[in-house]
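Every number for a ligand or one of its atoms is a count from 1 in the order of the listing.
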Amino acid sequence: MSDKKILLRQLPKIDLVVDDLNPEDISGVPPAIYKSAVRKTIESFRRGILAGKISRLPQGKEEWNVIFSAAIDKKNSPNLQRVLNGTGVVIHTNLGRSLLGQDTIQSLQVAGAHYTNLEFDLETGKRGSRYGLVEEIICDLTGAEAALVVNNNAAAVLLALNTLASGKETIVSRGQLVEIGGSFRIPDIMTRSGAILVEVGATNRTHLFDYENGISEETALLLKVHTSNFRVIGFTSEVSAAELVALGKEHDLPVMEDLGSGSLVDLSPWGLPKEPTVQEIVKAGVDVVTFSGDKLLGGPQAGLLVGKRDIINRIKKNPMNRALRIDKFTLASLESVLRNYYDLEKALDQVPTLALLTVSPEIIKKKGQKILRRLGGAGEVKEWIQLLPTVSKVGGGAMPEHGLASWSLVLQPGQDGASELERWLRTLPVPLIGRIEEEKMVLDLRTILDDDLPLLLEILQRYLERKQAT
Ligand SMILES: *Cc1c(COP(=O)(O)O)cnc(C)c1O
């Protein structure tokens, strides 16, 4: 008999295991959960054996039950977990992009626990529009005539293209046919929208005459796309929104711009790149501008469309809009976040994404000093944990690679190596995600929130204890 067959025969039988689990491992756990955990565990051993990856099985009930206990515990815990972000990437798509401030959390609480006037006009007693709750605010803040919010910016682009250019040609610069990540590619989304892509210009340079030469009887739209996570440097040239608008007017064609991040605030005074704000693009006369809710705006996942009233009205009437609509939680939190922007000081303070992007390196350094003091600051602490300058990244959207001066705690991995330390931190009850640099673990303090500090201290204490034990 082959080794694989012998191992397969040695796998425990599900029913017998289930009858013989440690009572403390299943107390309060629904049978459906622990049965499934046992079945999945044995199945994964079976797959491992068949793939030749497992050549030794746990020995005896004790050893197996340790494994089943961990599997049951994991299955009985929430899958979506809080983590500490030590990466320094403020808008981290994999870690949930933007955080919401306390007032905004409060609005979610209300929307979830109570009936609301989501689609009920309290003045007339008749049915209302959910978009009415935020449209005026968005218009106030951006200067646009009308606005609409959908599931995310990818949906906003799809909906706008489908409404304005299905079966017709849309002109885009070759330099802007980008992939944003998470399989959002401009050419693919255009195909799905029914719009026919007409590429003009070259990868590095596109001129106004390129767009002009691309216009035909079949043209329905001129599109400009923010290249976000991609930069062409050196000999480059791009047509501005204002120039495109002038060309559009001449030919009676609408102009659309996918801004991606879509900041309402010029962040250049805080050392970030000068990016056109949504207000500036609207003012340039672009007919429809799309941007994300959870990038630089710092709100919930959403896609905002702002622009000329007749165009936005056409988009609103597209039946696809219903399939892409936002829920009450998005509306509640978006309204709350947007209200902060009526007062810039308030926005910088209350919108966590803006606060994290604009906090000064000195304040971040003080946070590090405070942590070291709490740890006791003794010789062995300094040996294992150092406070050193680092560079944080903005993340998702317009300026993902832009560096911001920051401070980090640098952890020495010791003999186990940096990847083992990284794994240990990542598998803690509240995981701590950092980055490895030059075989050391770097924890950028920019994205460690004040609320996270007690937990971080606890983790660092455990880390020091482990070090001292070795
Ligand atoms: C991020 C981005 C998108 C996708 O936005 P989501 O809100 O993630 O759907 C589309 N276009 C550009 C230019 C982007 O930067």
Side chain, backbone, both or neither: E179 near ligand 1, heavy atoms under 4.0 Å: neither
Kindly check if the number of other-residue, nucleotide or ligand heavy atoms within 6.0 Å of NZ (K308) is above 12? yes
Note: ligand 1 atoms sitting under 4.0 Å from heavy atoms of H226 are 13 (C)
Compute the shortest N/O to N/O distance between A154 and ligand 1 and return yes if it is under 3.5 Å, no if not. yes
Close approach of Q176 to ligand 1, heavy atoms, under 4.0 angstrom: no
Got an N/O contact under 3.5 Å between R97 and ligand 1? yes
A student checking ligand 1 against F184 at a 4.0 Å heavy-atom cut-off should list atoms 10 (C), 11 (N)
Steps toward side-chain hydrogen bond (donor to acceptor under 3.5 Å, both in side chains) verdict (T277, D266): CA-CA 6 Å; T277 60; D266 173 13; over 6 Å; no
Less than 4.0 angstrom from a charged side-chain N to a carboxylate O is my criterion; do E280 and K283 meet it? no
Does the distance from a Lys or Arg side-chain N to an Asp or Glu carboxylate O, for K366 and E362, drop under 4.0 Å? no
Just wondering, more than 12 heavy atoms not from K53 lying within 6.0 Å of its NZ? no
Is ligand 1 less than 4.0 angstrom away from at least one heavy atom of V157? no
Carboxylate-amine/guanidinium proximity below 4.0 Å for R325 and E119: yes
Within ligand 1, which atoms have a heavy atom of S292 less than 4.0 Å away? 5 (O), 6 (P), 7 (O)
Ligand 1 and D258, any nitrogen or oxygen pair closer than 3.5 angstrom? yes
Would you say K295 touches ligand 1, if touching means a heavy atom closer than 4.0 Å? yes
By side chain to side chain contact (heavy atoms under 4.5 Å, CB included), which residues pair with V198, not counting sequence neighbours? E169, I171, V200
